[in-house]
Amino acid sequence: MLSGFRIMWMLTMFDLPVLTKEERKQANAFREHLRNLGFDRAQLSVYLRHCVGKERAQALIRKIKSKVPPGGQVDILMFTDKQYENIVSFTSAEVKKRKQPQQLTLF
């Protein structure tokens with residue numbers, strides 16, 4: 001049985017060089033790589049996805065690491081589904097609680 005303590009969320013934050021045309025191309029390719037891995041954009045350089053367990057998270061980390069462009073910095077935070085429930089977001093002075101996904105997709 002899956003519990004809120006087994007399901008992991010991965011928050012991937014990155015700062016990539018984008019001064020030249022080639023750097024912008026590499027940054028866009030990295031963003032697309034995250035999307036192809038099932039990440040959703042939370043903010044400009046912040047992507048989020050859930051995964052079942054630390055083993056799957058470690059596999060995703062290896063895939064992300066292999067595509068980091070030269071000069072880029074990537075930080076990945078992992079937390080449980082129970083911790084995700086407690087995230088509070090501020091948008092235009094409104095306080096929003098994070099919504100739980102309606103359906104968990106398992107592969």
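In this text, all values refer to a predicted model and were calculated from it rather than measured experimentally.
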Roughly how far, to the nearest 0.5 Å, is the CG atom of Asp40 from the CG atom of Leu48?
-> 7.5 Å
Which heavy-atom pair separates Pro17 from Ala27 by the least distance, and what is that distance?
-> O-CB, 4.4 Å
Check whether any side-chain heavy atom of Arg62 lies under 4.5 Å from a side-chain heavy atom of Lys65, and answer yes or no.
-> no
side-chain contact (heavy atoms from CB on, under 4.5 Å) between Leu11 and Ile76: does it pass, once the steps are laid out?
-> CA-CA 6 Å; Leu11 184 74; Ile76 299 173; over 6 Å; no
Considering non-hydrogen atoms only, spot the tightest contact between Leu19 and Glu23 and give its length.
-> N-OE1, 2.8 Å
Where at least one partner belongs to residues 15-37, residue pairs that pass ring-ring contact (aromatic ring centres under 6.0 Å, His included), sequence neighbours excluded | Phe14-Phe30
Rounded to the nearest 0.5 Å, the CD atom of Glu85 sits from the CH2 atom of Trp9 at a distance of 10.5 Å
Do the side chains of Leu34 and Ile64 get nearer than 4.5 Å, heavy atoms only?
-> yes
Sub-3.5 Å donor-acceptor pair from the side chain of Arg49 to the main-chain atoms of Met10, do we have one?
-> no
Which atom names give the shortest non-hydrogen contact between Tyr47 and Arg35, and what distance separates them?
-> CE2-CD, 3.7 Å
Decide yes or no for Tyr84 and His50: does some side-chain heavy atom of the first lie under 4.5 Å from some side-chain heavy atom of the second?
-> no
With Asn28 via side-chain hydrogen bond (donor to acceptor under 3.5 Å, both in side chains) - residues at least two apart = Arg31
Could you grab the distance from atom CG of Leu77 to atom CD of Gln83, nearest 0.5 Å is fine?
-> 10.5 Å
For Lys82 and Asn86, work out which heavy atoms get closest and say how close.
-> O-ND2, 3.5 Å
Dump the intermediate steps for side-chain contact (heavy atoms from CB on, under 4.5 Å) on Thr80 and Ile7, then the final yes or no.
-> CA-CA 6 Å; Thr80 67; Ile7 298 171; over 6 Å; no
Rounding to 0.5 Å, atoms NZ (Lys54) and CE (Met78) come to a distance of 7.0 Å
Flag yes if Val74 and Val18 sit in one hydrophobic cluster, no otherwise; membership is Ile, Leu, Val, Met, Phe, Trp, Tyr, and two members link when side-chain heavy atoms are under 4.5 Å apart.
-> no
Does any non-hydrogen side-chain atom of Thr20 lie less than 4.5 Å from one of Arg24?
-> no
Evaluate the side-chain proximity of Leu60 to Cys51: yes if any heavy-atom separation is below 4.5 Å, no if none is.
-> yes
side-chain hydrogen bond (donor to acceptor under 3.5 Å, both in side chains) involving Glu55 - partner list, sequence neighbours excluded = none
